[in-house]
Undergrad: 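What follows is a single structure, and I will ask about it in a moment.
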Amino acid sequence: MNQLTKNILASISAVVMTVTLTANAGAASIHKASTSTIHRRTALTYAYAKKMLKENKTGLSGKTSSIFSRKLYSETGASSGYSDFLLGLKGNHYQFTTGEKNLLRKNLVIKSNSTAATLANAVMAVQAMGMNAQNYKPYGHKTGINLVSRLYRSSVAKQTASSQAETLIAVSMSNHFKRPSNAKFSKAILSSRLVKVQLKNNGWTYNNAQGAKDADTTSMVLTGLSRGQSTTSPVESSIKKGQQFLYGLTQSNGAFGYTFNGKTTPNANSTAEAIIALANGSSTKKYVNSTAMHAGQKATPLYAMLTYVNKTGSIKNATSQLYGVGQVNLAVAAYKAALKGQSVYSIQ
């Protein structure tokens, strides 16, 4: 039995007792992902992710590009979704090689005017790979850059709700992260900003559009608010209302989807984002693979998400395998961490 098998089985077997993807008996029956299925399908997509990193490719077939490239991505040095991809590998106990760390160090772009979103992703990626975001040294440089301080000094006022949530997650990753005296925000202030843009339907959208249903942004904000750990009444109330809104977006098959013009298309990425949000709440992690969120729900989100994993380890219908594989791995890692009372985003 390899280490990945031991880690997955140890963390999940206490909660999941079924042997296959099967229905739980009783009036409130719901399909759950079994321990064996979680291991088998996670192993497939985890192996796919390792090959992607080794080849520095956003996918292993079809039209792909480099994950890290200063030439292709002049503002960031990496393809969109790279930080979740690396966090997913880290959460499943991958040990990054020196060569892989140097690949990031040679390509990551940090400018004086880098946006908060760019810096937040850089902080998460650097921490995921086992480097220190408060003393990040680009390849060939002797002097380190404090990415956390730079992030705190960047403007978040005009950033989207998703970007503000990413920023909140990034600055909350380690207890060792220090907020500089000239910071433009605090975790409490950022949490309050997210509460203020909560929609009338109690969800969030990337463009603050009233009446829209956006599972992805809602999930991201709920994760950010959970990580920010603000205990003020407005924040706690906002989280509870947001969770209720998210529950209502669950499809009967357990999946979540992207809604456009009133039509919702279930997919692995939206489901993964929801799983991460549920896993980061102590009272909501049960909804990942144990309990239904509403009447009529026939399967858990984890069950649904794993049905998107192909035999090759790629993700069905993913617009980008970097996003698809990365977020599926991250969602499984988030659930494993939650079963231990931890968070996949806590990297000291």
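These numbers were taken from a predicted model, which means no experiment stands behind them.
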Undergrad: Would a 4.5 Å heavy-atom cut-off, applied to side chains only, mark Glu273 and Gln327 as touching?
TA: yes
Undergrad: Find the distance between CG (Asn202) and NZ (Lys241) and round it off to the nearest 0.5 Å.
TA: 5.5 Å
Undergrad: Kindly give the heavy-atom pair with the smallest separation between Trp204 and Gly242, and that separation in Å.
TA: CZ3-CA, 4.0 Å
Undergrad: Is it the case that Thr307 and Arg41 place a side-chain donor and acceptor less than 3.5 Å from each other?
TA: no
Undergrad: Considering only heavy atoms from C-beta outward, does the side chain of Leu89 approach that of Lys50 to under 4.5 Å?
TA: yes
Undergrad: Could you tell me the separation between the CD1 atom of Ile169 and the CG atom of Leu225, rounded to the nearest 0.5 Å?
TA: 9.5 Å
Undergrad: Determine whether Arg227 and Ser346 make a side-chain contact, defined as any pair of heavy atoms from C-beta on separated by less than 4.5 Å.
TA: yes
Undergrad: Relative to each other, are the rings of Tyr46 and Tyr94 parallel, tilted or perpendicular (30° and 60° limits)?
TA: perpendicular
Undergrad: Keeping the roles fixed (side chain from Thr118, backbone from Ser114), state whether a donor-acceptor pair exists under 3.5 Å.
TA: no
Undergrad: For Thr312 and Asn310, does a side-chain donor sit closer than 3.5 Å to a side-chain acceptor?
TA: no
Undergrad: When you compare the side chains of Ser219 and Asp216, does any donor N or O come within less than 3.5 Å of an acceptor on the partner?
TA: no
Undergrad: Which value, rounded to the nearest 0.5 Å, describes the distance between Met293 atom CE and Ile30 atom CD1?
TA: 7.0 Å
Undergrad: Begin with the C-alpha distance, continue with both residues' side-chain angles, and end with the deciding distance and a verdict on side-chain contact (heavy atoms from CB on, under 4.5 Å) for Lys137 and Ile145.
TA: CA-CA 6 Å; Lys137 295 179 180 178; Ile145 301 171; over 6 Å; no
Undergrad: Using 0.5 Å steps for rounding, measure from the OG1 atom of Thr42 to the CG atom of Leu306.
TA: 5.5 Å
Undergrad: Please check if the side chain of Thr271 supplies one atom and the backbone of Met305 the other of a donor-acceptor pair under 3.5 Å.
TA: no
Undergrad: Do Ser191 and Ser230 pair up side chain to side chain, a donor and an acceptor below 3.5 Å, judged on atom types alone?
TA: no
Undergrad: Taking the six-membered ring for Trp and the single ring otherwise, decide whether the centroids of His294 and Tyr247 are under 6.0 Å apart.
TA: no
Undergrad: Within the supplied structure, the quantity of interest is the number of heavy atoms (other residues, nucleotides, ligands) at a distance under 6.0 Å from Lys213 NZ; does it exceed 12?
TA: no
Undergrad: If we ignore hydrogens and angles and just use 3.5 Å, is the side chain of Ser83 paired with the main-chain N or O of Met124 as donor and acceptor?
TA: no
Undergrad: How long is the span from the CG atom in Asn107 to the OG atom in Ser66, to the nearest 0.5 Å?
TA: 8.5 Å
Undergrad: Identify which one of Ile347, Leu147, Val148 satisfies the side-chain contact (heavy atoms from CB on, under 4.5 Å) criterion when paired with Val126.
TA: Leu147
Undergrad: Check the surroundings of atom CD in Gln95: do more than 12 heavy atoms from other residues, nucleotides or ligands lie under 6.0 Å from it?
TA: no
Undergrad: Quiz question: by atom type and distance under 3.5 Å, do the side chains of Ser238 and Gln198 form a donor-acceptor pair?
TA: yes
Undergrad: Could you tell me if the side chain of Leu103 sits less than 4.5 Å from the side chain of Asn56, heavy atoms only?
TA: yes
Undergrad: Going by distance alone, is a donor N or O of one side chain under 3.5 Å from an acceptor N or O of the other, for Asn92 and Lys336?
TA: yes
Undergrad: Looking at Phe68 versus Tyr73, is the centre-to-centre ring distance below 6.0 Å?
TA: no
Undergrad: For Arg105, does its backbone N or O pair with a side-chain atom of Asn102 as donor and acceptor, under 3.5 Å?
TA: no
Undergrad: If you look only at pairs with a residue in residues 52-78, which of them pass as a salt bridge (Lys or Arg N to Asp or Glu O under 4.0 Å), with sequence neighbours excluded?
TA: Glu75-Lys111
Undergrad: Answer whether the closest heavy-atom distance between the side chains of Lys187 and Leu168 falls below 4.5 Å.
TA: yes
Undergrad: Do Tyr323 and Ser80 meet the criterion of a side-chain donor-acceptor pair at a distance under 3.5 Å?
TA: yes
Undergrad: Do any N or O atoms from the side chain of Gln342 and from the backbone of Ala338 form a donor-acceptor pair under 3.5 angstrom?
TA: no
Undergrad: Hey, could you give me each pair passing ring pair (Phe, Tyr, Trp, His ring centres under 6.0 Å) that has a residue in residues 113-168? Not counting sequence neighbours.
TA: Tyr152-Phe185
Undergrad: Is the side chain of Gln164 donor-acceptor paired with the backbone N or O of Val156 at a distance under 3.5 Å, no angle test?
TA: yes
Undergrad: Asn280 and Ser343: side-chain donor and acceptor closer than 3.5 Å?
TA: yes
Undergrad: Report the residues that fulfil ring pair (Phe, Tyr, Trp, His ring centres under 6.0 Å) with Phe177, sequence neighbours left out, ordered by chain and then residue number.
TA: none
Undergrad: Does the Thr300 side chain pair with the main chain of Asn289, one donor and one acceptor, at a distance under 3.5 Å?
TA: no
Undergrad: Side-chain contact, heavy-atom cut-off 4.5 Å: Asn267 with Asn317?
TA: no
Undergrad: With heavy-atom distances below 4.5 Å as the criterion, would you say the side chains of Leu151 and Val171 are in contact?
TA: yes
Undergrad: Out of curiosity, Arg193 CZ to Gln159 CD, how far, rounded to the nearest 0.5 Å?
TA: 10.5 Å
Undergrad: Contact between Gln134 and Ser174 at the side-chain level, heavy atoms closer than 4.5 Å - yes or no?
TA: no
Undergrad: Evaluate the ring planes of Phe260 and Tyr258, with Trp represented by its six-membered ring, and classify them as parallel (under 30°), tilted (30 to 60°) or perpendicular (over 60°).
TA: parallel
Undergrad: Examine distances only and state if a side-chain atom of Thr160 and a backbone atom of Tyr206 form a donor-acceptor pair shorter than 3.5 Å.
TA: no
